[in-house]
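To start, the structure itself, in C-alpha cells.
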Amino acid sequence: MELQRPRGTRDFLFEEMKERKNVENTMKRIFESYGYGEIKTPIFEELSLFTTKSGEGIKDQIYHFQDKSGRDLALRPELTAPVARMYIKELQKAPKPVKMYYFGSCFRYERPQAGRFRQFWQLGCELIGAKSPGSEAEVISMAAHCLDELGLENYEIHIGNLGILRNILIDAKILGDTQDQVMAAIDKGDAEELKTLLSSINTDQDSEELLLKLIDMKGDASILKDAETLINCSENACNALFELEKLLESLEAFGFSNYTVNLGIARGLDYYTGTVFEIYVHGLGAQKQISGGGTYNLIELFGGEKVESTGFAFGFDRVMEALKKQETVIDKEEAVKVFVAPLNSDLSLTGYEIVQKLRKSNIGAEVDLVGKKLKKILSYADTKQISYVVLLGSREFEEGKVTVKDMKSGEQESVNISEVESYFKTKLM
RNA sequence: GCCGGGGUGGGGUAGGUGGUUAUCCUACGGGACUGUGGAUCCCGCGACUCGGGUUCGAAUCUCGGCCCCGGCCCCA
C-alpha cells in the first residue's frame with residue numbers, strides 16, 4: 001500500500017526544520033522585544049467564524065466538515081478572525097493596547113503552486129485598541145526589523161491608505177457593495193477592468209480621472225504633495241492623506257525610511273479602513289507577496305465593542321522561500337556536541353552513565369547504542385558535525401580515564417572519567 | 001475549476017522508434033580492517049506513480065486517476 005501525503009502538504013526534514021525554527025525564533029524574539037506576547041488558537045473553528053467575515057463564497061476554499069454531532073467546523077484558513085474571536089471572548093477588558101502575536105498553520109483548498117500550499121504557516125501580530133500613526137509606524141517598523149534581522153535584502157514595503165480612495169468614492173456617491181467591487185478591481189491592478197466598471201456605474205468624469213491617477217501614484221513621501229493637489233476639494237480624502245503623512249513622519253523617527261508610498265494598494269478586504277501595507281520580494285514567482293497588513297475594524301463586525309486594530313502576518317513559507325532564493329545563511333547549530341563511544345560491549349553501561357551525566361549538565365550528547373565499530377562511529381560523528389568523541393576503551397578504563405578526540409583538529413586528550421563533565425563545560429561554555 | 005511540463009531504488013539519473021536479468025552515481029547495511037573519521041576494494045539492499053487498453057510481449061504506445069513543478073482564476 002502506497003501511503004501518500006495529501007496534496008499541497010509537505011514533510012520537513014531535520015535540516016529544513018532547523019532553518020525554519022531559527023527563522024521562527026528570530027521573528028518571535030523581535031516581536032517580544034516590542035512587547036508582544038504569544039497566543040495560540042485552535043486549528044479548527046466553527047465554520048461561521050470565517051463565513052461571517054468573508055461570505056459563503058469562501059467555503060470553496062476552506063477545508064470544512066461536520067463532526068460527529070453535526071457541528072459545522074473548518075480548518076482555519078487564516079488567523080485574523082480566530083484572534084479577533086479570542087479577543088472578544090477573553091480580552092475586551094484587558095488594558096490597552098493589547099499586543100499579541102501568533103504562529104501557526106492555516107489551510108486552504110486551492111491549487112498548489114509556487115509559494116502556495118494547502119497547509120501553510122503564518123506568523124503575525126495584532127495591536128488592538130491604540131489606533132495612531134505611531135502604532136501603525138511601530139508595527140511596520142517591526143516587520144522591517146524582522147526581515148533585516150534575518151538578513152533579507154531585496155524586500156519592498158508598500159504603504160497606502162484606503163481612506164483616500166474610499167472617501168473619493170463616497171464623494172462620487174459610490175457606496176456599499178459597488179464600492180467594494182471598485183476596491184477589488186483596484187486591488188487586482190487591472191486598469192482596464194476598473195475603467196469598464198467605473199463607466200458601467202456612471203462615475204462622473206472628474207472622479208474617474210482622479211481615481212485612475214491616484215492608483216498609479218507610487219514613490220517616496222514627496223508624492224503625497226502631488227496627491228494633495230489632486231484631491232484638494234475632498235476634505236475626508238485629505239484627512240486620510242494627512243494620516244498617511246503623519247505615519248511616514250513617525251516611521252522616520254522609528255528609523256525606517258526604506259518604504260514605497262503606494263496609493264494603489266487596496267487589499268480587497270472590506271474590513272480594512274485606513275492604513276494598509278504589503279511587503280513584496282521579487283523573483284518568487286506569482287506569489288511575491290510575503291506579508292500584508294493594516295488597520296481594520298474586525299472586532300465590531302464580530303459583535304465586539306468598536307475598537308481599531310492594526311496587524312499583519314508574514315507568509316512564513318514565502319519568507320523561507322525568499323531567504324533561500326537569496327542564499328541567506330541561516331544558522332543551524334548542532335545540539336549534540338559529544339558522542340560517547342564505548343569500544344567494547346563490557347563498557348556500554350559505563351558509556352550510558354557518562355552520556356547521561358553530560359546531558360544532565362546541559363551538554364548535548366549521544367552514545368552508541370548498538371555496538372558500532374569505531375570507524376562507523378567516527379564517520380557518524382563527522383556527518384552529524386559532532387565536535388567531540390569520547391573514546392571509552394578498556395586500556396584507559398583500567399586507569400579510570402577516557403580519551404577525548406577533537407573532531408576538528410584530530411587531537412586527543414586523556415581525561416579522568418570523574419572529570420568528563422567539567423572538562424566539557426569549560427570546553428563548550 | 002482551467003492551461004502547460006513532468007513522475008524510474010532513500011536522493012540524483014540512463015533507457016523511450018515496444019523484446020531476456022532495467023544503467024550509473026550517491027546514500028544506507030555488512031566486510032577487507034579485533035581501538036581512530038569524508039580514501040580504496042568487495043558484498044548486500046533497493047525502483048519503472050496507480051489503474052484500464054493495444055500487444056505474443058509495455059518503463060517505453062494509448063486513455064483515465066493520483067501526485068509534483070509552473071501559470072490562470074482566486075487569495076479571507
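Labels below follow one simple rule: chain letters A, B, ... track the order of the sequence lines, proteins then strands, and each chain is numbered from 1. Keep in mind that the numbers below use all heavy atoms, side chains included, and drop hydrogens, waters and symmetry copies.
Using a 4.0 Å cut-off, some side-chain N or O of A/Lys372 falls inside it from OP1 or OP2 of B/G29. Distances shorter than 4.0 Å separate some side-chain N or O of A/Arg7 from OP1 or OP2 on B/C68.
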Subject >> From CA spacing to verdict: side-chain contact (heavy atoms from CB on, under 4.5 Å), A/Thr80, A/Tyr296 >> reply: CA-CA 11 Å; A/Thr80 316; A/Tyr296 46 83; 3.3 Å; yes
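Stacking of A/Arg118 on the aromatic ring of A/Tyr109 is recorded, both the 6.0 Å distance cut-off and the 45° axial limit being met.
For the pair A/Phe50 CZ and B/C75 C1', the interatomic distance rounds to 15 Å; values are reported in whole Å. In this structure, CZ of A/Arg76 is placed 14 Å from C1' of B/A76, rounded to the nearest angstrom. Separating the CZ atom of A/Phe312 from the P atom of B/C75 is a distance of 22 Å, rounded to the nearest angstrom. Atom CD1 of A/Ile377 and atom C1' of B/G35 are 10 Å apart (whole Å). Look at CD on A/Glu78: it is 15 Å from C1' on B/C74, rounded to the nearest Å. With rounding to whole Å, A/Glu110 atom CD is found 14 Å from B/G71 atom P. One atom, NZ of A/Lys288, and another, P of B/C72, lie 11 Å apart when rounded to the nearest Å. In this structure, CD1 of A/Ile62 is placed 8 Å from C1' of B/A76, rounded to the nearest angstrom.
Along RNA chain B, the nucleotide nearest A/Gly115 and the nucleotide nearest A/Arg5 are compared for position; the residue whose nucleotide lies closer to the 5' end is A/Arg5. When the nearest nucleotides of RNA chain B are assigned to A/Leu392 and A/Lys376 by heavy-atom distance, the more 5′-ward of the two goes with A/Lys376.
In this structure, A/Gly8 reaches the sugar-phosphate backbone alone: every heavy-atom distance under 4.0 Å involves primed, P, OP1 or OP2 atoms, never a base.
Although no hydrogens or angles enter the test, the distance criterion places a donor-acceptor pair under 3.5 Å between the side chain of A/Thr26 and the main chain of A/Asn22.
Rounded to a whole angstrom, the distance from the C1' atom of B/C69 to that of B/C61 is 25 Å. Look at the C1' atom in both B/C3 and B/U21: the space between them is 42 Å, to the nearest Å. Spacing of P atoms, B/C43 relative to B/U23, comes out at 14 Å, to the nearest Å. On the P atoms, B/C33 is 16 Å away from B/G38, given to the nearest whole Å. Only the C1' atoms considered, B/C73 is 8 Å distant from B/C2, to the nearest whole Å. The same atom, P, is picked in B/G30 and in B/C66; the two are 42 Å apart, to the nearest Å. One P atom belongs to B/C50, the other to B/G9, and the distance between them is 10 Å to the nearest Å. Comparing the C1' positions of B/A58 and B/U49 gives a spacing of 15 Å, expressed to the nearest Å.
Using N1 to N3 plus N6-O4 or O6-N4 for Watson-Crick, or N1-O2 and O6-N3 for G-U wobble, each under 3.5 Å, B/C67 pairs with B/G6. Remark: B/A14 base-pairs with no nucleotide; criterion is Watson-Crick or G-U wobble with both hydrogen-bond distances under 3.5 Å. Using N1 to N3 plus N6-O4 or O6-N4 for Watson-Crick, or N1-O2 and O6-N3 for G-U wobble, each under 3.5 Å, B/U54 pairs with nothing.
Applying the salt bridge (Lys or Arg N to Asp or Glu O under 4.0 Å) test to pairs two or more places apart or on separate chains, those with a residue in residues 308-324 of chain A are A/Arg10-A/Asp317, A/Glu16-A/Lys324, A/Arg20-A/Asp317.
Residue-to-nucleotide contacts include no donor-acceptor pair under 3.5 Å from the side chain of A/Arg116 to the base of B/G71.
A/Tyr380 places none of its side-chain heavy atoms less than 4.5 Å from the side chain of A/Asp368. Inter-residue side-chain proximity for A/Phe50 and A/Ile62 is flagged as met; some heavy-atom pair is nearer than 4.5 Å.
Across all non-hydrogen atoms, the minimal contact from A/Phe424 to A/Val404 is CZ-CG1, 3.8 Å.
In this structure A/Phe117 satisfies the ring pair (Phe, Tyr, Trp, His ring centres under 6.0 Å) test with no other residue, sequence neighbours excluded.
Between A/Phe312 and A/Phe314, the ring planes lie perpendicular to each other; the angle is over 60°, past the 30° to 60° tilted range.
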Original post:
What is the per-nucleotide protein-contact pattern of nucleotides 36-41 of chain B, from the 5' end, where B denotes a base atom under 4.0 Å from a protein heavy atom, S denotes such proximity for sugar-phosphate atoms only, and - denotes neither?
Top reply: BBBB--
